[in-house]
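Below, chain A is the first sequence line, B the second, and so on; all start at residue 1.
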Amino acid sequence: AQSVTQPDIHITVSEGASLELRCNYSYGATPYLFWYVQSPGQGLQLLLKYFSGDTLVQGIKGFEAEFKRSQSSFNLRKPSVHWSDAAEYFCAVGYGGATNKLIFGTGTLLAVQP
Amino acid sequence: EAGVAQSPRYKIIEKRQSVAFWCNPISGHATLYWYQQILGQGPKLLIQFQNNGVVDDSQLPKDRFSAERLKGVDSTLKIQPAKLEDSAVYLCASSLEGLLVGTQYFGPGTRLTVL
């Protein structure tokens with residue numbers, strides 16, 4: 001069965017430090033992978049997505065993610081975190097072929113300290 | 001371009017009462033989704049519409065939840081009667097790509113508290 005694992009429930013980083021959020025997936029075929037961000041009281045905003053091609057994907061707000069098939073991972077990175085990046089981050093895998101469905105991980109809550 | 005609209009933003013009810021949520025997707029998006037997000041968890045798909053037809057409602061608790069999408073645009077999700085465990089954020093999303101895997105755009109959600 002398809003699944004997404006985000007092993008870190010909560011991460012705290014200092015402003016200006018680098019960030020890496022981990023995501024591992026389980027899916028039998030070529031995955032479609034997404035990262036969404038959710039600020040308090042807001043819906044989910046798409047940061048970036050991977051469908052095919054270059055395994056290093058650039059997104060909005062300076063985020064990037066790298067698809068590694070051998071490790072079944074799609075980790076999210078940012079070289080320098082800003083206080084406004086504090087939010088919850090969700091990794092998701094799209095599946096179904098003929099049906100556009102997403103399975104989400106449990107999320108990683110990012111705190112940024114000054 | 002306007003995003004996905006949802007109302008109300010917050011709702012507090014007592015158990016066994018009924019409640020309804022409304023969603024207006026992005027114009028032209030044929031596919032509409034309702035998700036349930038319980039505190040500390042990722043969103044879980046409840047039901048998926050393609051135009052006004054149901055594609056997947058396998059995770060919808062049909063004894064108490066119902067949803068419709070008349071005319072293939074707006075959608076309503078109803079809970080009757082509500083239980084304590086229904087306390088969650090209900091997210092609506094829409095997609096342009098139809099049934100092929102594509103980007104889903106989310107509304108701000110409705111936070112439901114059942115007392």
(Q) Counting only non-hydrogen atoms closer than 4.5 Å, does Gln37(B) touch chain A with its backbone (N, CA, C, O), its side chain (CB onward), both, or neither? (A) side chain

**Q.** Approximate separation, where rounding is to 0.5 Å, of Tyr90(B) OH and Phe21(B) CZ
**A.** 6.0 Å

(Q) I'd like to know whether the aromatic ring centres of Tyr89(A) and Phe63(A) sit less than 6.0 Å apart in this structure. (A) yes

Q. Is chain B contacted by the side chain of Glu88(A), its backbone, both, or neither, given a heavy-atom distance below 4.5 Å?
A. neither

Q. What part of Leu46(A) lies closer than 4.5 angstrom to a heavy atom of chain B: side chain, backbone, both or neither?
A. side chain

Q. Pick one: which of Gln104(B), Gln50(B), Gln48(B) meets side chain to side chain donor-acceptor pair (under 3.5 Å) with Thr31(B)?
A. Gln50(B)

**Q.** Euclidean distance, Arg77(A) CZ relative to Leu56(A) CG, rounded to 0.5 Å
**A.** 6.0 Å

(Q) Could you check whether any side-chain N or O of Ser72(A) sits under 3.5 Å from a backbone N or O of Ser26(A), counting only pairs where one atom can act as donor and the other as acceptor? (A) no

Q) Are Glu64(A) and Lys78(A) within salt-bridge range, i.e. N to O under 4.0 Å? A) no

Q. Should Lys61(A) and Asp85(A) count as an ion pair when the cut-off is N to O under 4.0 Å?
A. no

Q | Distance (rounded to the nearest 0.5 Å) between Glu68(B) CD and Thr76(B) OG1 | A | 4.0 Å

(Q) Aromatic contact between Phe51(A) and Phe34(A), with the criterion being ring centroids under 6.0 Å apart: yes or no? (A) yes

Q | Part of residues 104-114 of chain A lying next to chain B, heavy-atom separation under 4.5 Å | A | Phe104(A), Gly105(A), Thr106(A)

Q.
Could you check whether Arg64(B) pairs with Asp86(B) (Lys NZ or Arg NE/NH1/NH2 to Asp/Glu carboxylate O, under 4.0 Å)?
A. yes

Q) For chain A, which residues of residues 106-115 of chain B have at least one non-hydrogen atom nearer than 4.5 Å to it? A) Phe106(B), Gly107(B), Pro108(B)

Q: Inspect the surroundings of CD1 in Ile9(A) and state if more than 12 heavy atoms from other residues, nucleotides or ligands are less than 6.0 Å away.
A: no

